[in-house]
Chemist: 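Mind looking over this structure? Questions follow.
Everything quoted here is computed from the prediction, not taken from an experiment. Letters go in sequence order (proteins before strands), and every chain restarts at 1. Note that these values count all heavy atoms, side chains included, but never hydrogens, waters or copies made by symmetry.
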There are 2 protein chains.
Amino acid sequence: MTRRVTIHDVAAAAGVSVATVSKAVNGRYGVSPETVSRVLDAVRALGYESSLVASSMRSRRTGVIGVLVADIEPFSAEILKGVGGALSGTGYDLLAYTGARRDGEGWERRSLSRLSGTLIDAAILVTPTVVNVAAEVPIVAIDPHTGRADLPTVESDSFTGAQQAVHHLVQLGHRRIGFIAGRPDLRSAVARASGYREALSAAGIPFDPALVGQGHYEQDVAREAAHAMLALPDPPTAVFAANDLSALSIVEVAAARGLRVPDDLSVVGFDDVPEAARAQPPLTTVRQPMKILGAEAVRMVLALLAGEELPETHLQLATRLVARGTTAPPPRR
Amino acid sequence: MTRRVTIHDVAAAAGVSVATVSKAVNGRYGVSPETVSRVLDAVRALGYESSLVASSMRSRRTGVIGVLVADIEPFSAEILKGVGGALSGTGYDLLAYTGARRDGEGWERRSLSRLSGTLIDAAILVTPTVVNVAAEVPIVAIDPHTGRADLPTVESDSFTGAQQAVHHLVQLGHRRIGFIAGRPDLRSAVARASGYREALSAAGIPFDPALVGQGHYEQDVAREAAHAMLALPDPPTAVFAANDLSALSIVEVAAARGLRVPDDLSVVGFDDVPEAARAQPPLTTVRQPMKILGAEAVRMVLALLAGEELPETHLQLATRLVARGTTAPPPRR
DNA sequence: GTGAAAGCGCTAACAT
DNA sequence: ATGTTAGCGCTTTCAC
């Protein structure tokens, strides 16, 4: 807990003004070589490192890309890995930010206005709660909000993904297939719901509203929904959950109710977060390329930063079913 | 990309001075209720949010805890999840930072001096490359550097963990057991190496330096080491890797060399990152409680922030072997 | 080539 | 109760 070394300390040590130190450190013209080396010696001796905060107040560029997430959970963590990987070697630092107040709506607006223009050069919003945000920096949204966004977006093909999930269950012989929906304000959740219904109808299975629960992409909420659904007089033999966390909740609830998975109940998730494979039994799920979503968002943001025009402003990536241990033919009556 | 709304805009809109806006927004005394509401109306109307950067320059406290990581890989991602979870509900925001220049040594020093004292109220350093760092904020290190640190630290019991790994292999009948070491500057890596040797000697197996490779906790480096080790005239029948990423590399290299895991070669990792369970076959590993490491670091940092004395400055958590699919008895000759 | 001074957006004395 | 003033650490004109 020592006092921070400021540019003033360096200036004093090198016997020059702070302005000269600034120039020397940032390699500006108009400083003699001797002065530069004297300043840099002082910098080294004192262990000086300019304050991100102070310098970002004055100069526009900071060399930092911000990723705003509501929460660090398996999905956003994968995105972060992808962003980090894509950023490495670009010279940009990565700053991931989670606001303490997760009071739903608009957390990213708050975080964004707190950081943007000053601290970060560009932002990547993960599962934002609003369609558009104003900021003085380039922004890309991953897994965006419903409504046509002005923002460039990156997402998976959730509609087809959901169809893959339901199709898989239908193939196994299931006819009563439940659905635990995701966050209704996200396009991905809406698309997964549509894909579910579409696949049902393609298989000639009538839609039963009793078999749809709200999971909000959240473990606890999904747990409630799963309990309700499995308590139905005519419960489903299979459930498709809009994300893996929800699917894992279902498996847990099923076990608590004495149902064996997959013998008594099949479960399919969505995402394929690393945790899905580790579950017992390993979760059958629809894989979306999370790291690539992150990497693509970086590509876009970097292009925007370079002043380029984006060839594609709304990227959609393919999903693929990964059959593991939570799906099997329905139990026979 | 609109211009940022500043406190001046609010002041102008509400017809008061910026100081009054600041007071109203921060709930300071000495502002009439009418003025407060007029100001807050303007804040809402304009969508004003104070700049983290600007406010942190003036006031000491920002309400942000920083986590400094070299890289976002599976291990640090788990730590982040733990930190995020522990921070939720505390009122603190979480800021994770990765420097672009991963030029080894001292990245955290740079990041820390860029952020500390100004942007963040406290820092958690994950696998730092230096023993001590000076900063004007409380700091806790997770998986710390070798050497007795002045910093409070949180880590797993790597020595016992390594013994568990080797013991498991010995139990299965292995006698030629290789080791892929971790980052030699980290205490955890040193302890895992000692645990390996200790367990070997406890089993009456002579130590063979040819069976030790350097993996640096990195996938690529470990791959090299694995290749070399498996090319030995008398190769090991089992390898213990200092982390899961390295273990996964070994499995990959073994496959490339035509060895079946676990039939021809057993592999044990360390960490139990989510990716370990998803591997094919699922990795046998020594689990360390990464999320808890993160949560404990938060506890410490919060206590420090509250001005409390830490009852324990060097926390060590227990590990446990998780036997999965990459270990089996050695092939018979 | 170098330094003085202004100012980024904000908060905290200090005046009024 | 409100406004004025002085910086926080830095970069950037603009004099010298």
Chemist: Would the base of D:dG9 count as contacting A:Arg58 through its side chain, where contact means a donor and an acceptor less than 3.5 Å apart?
Modeler: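 Answer is no: no donor-acceptor pair is held.
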Chemist: Hey, is the main chain of A:Gly182 close enough, under 3.5 Å, to the side chain of A:His216 for a donor-acceptor pair?
Modeler: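 Here the side-chain-to-backbone pair does not exist.
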Chemist: Could you tell me whether the phosphate oxygens of C:dG3, OP1 or OP2, come under 4.0 Å of any side-chain nitrogen or oxygen in A:Thr20?
Modeler: yes
Chemist: Checking side-chain polar atoms at under 3.5 Å, does A:Asp143 have a donor or acceptor matched by the opposite partner on A:Ser188?
Modeler: yes
Chemist: A:Glu136 CD to C:dC8 C1': how many Å, rounded?
Modeler: 13 Å
Chemist: Of the nucleotides C:dT11, D:dT11, D:dA1, which one has an atom closest to the side chain of B:Ser59?
Modeler: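 Of the options given, the side chain of B:Ser59 lies nearest C:dT11.
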Chemist: Using only side-chain N and O atoms of B:Ser56, determine if any of them is under 4.0 Å from OP1 or OP2 of D:dC8.
Modeler: no
Chemist: Distance check: side-chain N/O of B:Ser17 vs OP1/OP2 of D:dG3, anything under 4.0 Å?
Modeler: yes
Chemist: Do you see a donor-acceptor pair shorter than 3.5 Å between the side chains of B:Glu73 and B:Ser76?
Modeler: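 There is such a pair between these side chains.
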Chemist: Heavy atoms under 4.0 Å, any strand shown: does B:Ser50 hit a base, just sugar-phosphate, or nothing?
Modeler: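 Sugar-phosphate contact only - B:Ser50 comes under 4.0 Å of backbone atoms but never of a base.
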Chemist: Tell me: CG of A:Asn26 to C1' of C:dG1, nearest whole Å?
Modeler: 17 Å
Chemist: Between B:Thr146 and B:Asp185, do the side chains contain an N or O donor and an N or O acceptor separated by less than 3.5 Å?
Modeler: no
Chemist: State which of C:dA4, C:dG9, D:dC10 makes the closest approach to the side chain of A:Ser51.
Modeler: D:dC10
Chemist: Between A:Ser22 and D:dT12, does any side-chain N or O lie under 4.0 Å from OP1 or OP2?
Modeler: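 Looking at the OP1 and OP2 atoms of D:dT12, neither is under 4.0 Å from any side-chain N or O of A:Ser22.
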Chemist: At 4.0 Å (heavy atoms only), tell me whether B:Tyr29 reaches a base, stays on the sugar-phosphate, or touches nothing.
Modeler: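 Since no nucleic acid heavy atom lies under 4.0 Å of B:Tyr29, the category is nothing.
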Chemist: For A:Met57 and for B:Val16, locate the closest nucleotide of DNA chain D by heavy-atom distance; then report the residue assigned to the nucleotide nearer the 5' terminus.
Modeler: B:Val16
Chemist: Applying side chain to side chain contact (heavy atoms under 4.5 Å, CB included) between A:Asp9 and each of A:Val18, A:Leu46, A:Val21, report the one that passes.
Modeler: A:Leu46
Chemist: Counting heavy atoms from C-beta on, name the nucleotide in C:dT2, C:dG9, D:dG3 closest to the side chain of B:Ala19.
Modeler: D:dG3
Chemist: Between C1' on C:dC10 and CG on B:Leu52, what's the gap in Å once rounded to a whole number?
Modeler: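 It works out to 12 Å between those atoms.
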Chemist: Distance check: side-chain N/O of B:Ser32 vs OP1/OP2 of D:dT2, anything under 4.0 Å?
Modeler: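 Affirmative; the distance criterion is met.
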Chemist: Can you tell me how far C1' of C:dA12 sits from CZ of B:Arg61, to the nearest Å?
Modeler: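 Atom CZ in B:Arg61 sits about 17 Å away from atom C1' in C:dA12.
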Chemist: Rounded to whole Å, how long is the line connecting atom CD1 of B:Ile7 with atom P of D:dT2?
Modeler: 15 Å
Chemist: Let me spell it out: for each of B:Lys23 and B:Val53, pick the nucleotide of DNA chain C with the closest heavy atom. Which residue's pick is nearer the 5' end?
Modeler: B:Val53
Chemist: I'd like to know if the side chain of A:His145 and the backbone of A:Pro128 have a donor-acceptor N/O pair within less than 3.5 Å.
Modeler: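 No; judged by distance alone, with no hydrogens or angles, the pair does not exist.
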Chemist: Expressed as a whole number of angstroms, how long is the span from A:Leu46:CG to D:dG9:C1'?
Modeler: 15 Å
Chemist: Let me know the distance between CD of B:Glu49 and P of C:dC10, rounded to the nearest Å.
Modeler: 10 Å
Chemist: What is the distance, rounded to the nearest whole Å, between atom CZ of A:Arg28 and atom P of D:dC14?
Modeler: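 These atoms are roughly 16 Å apart.
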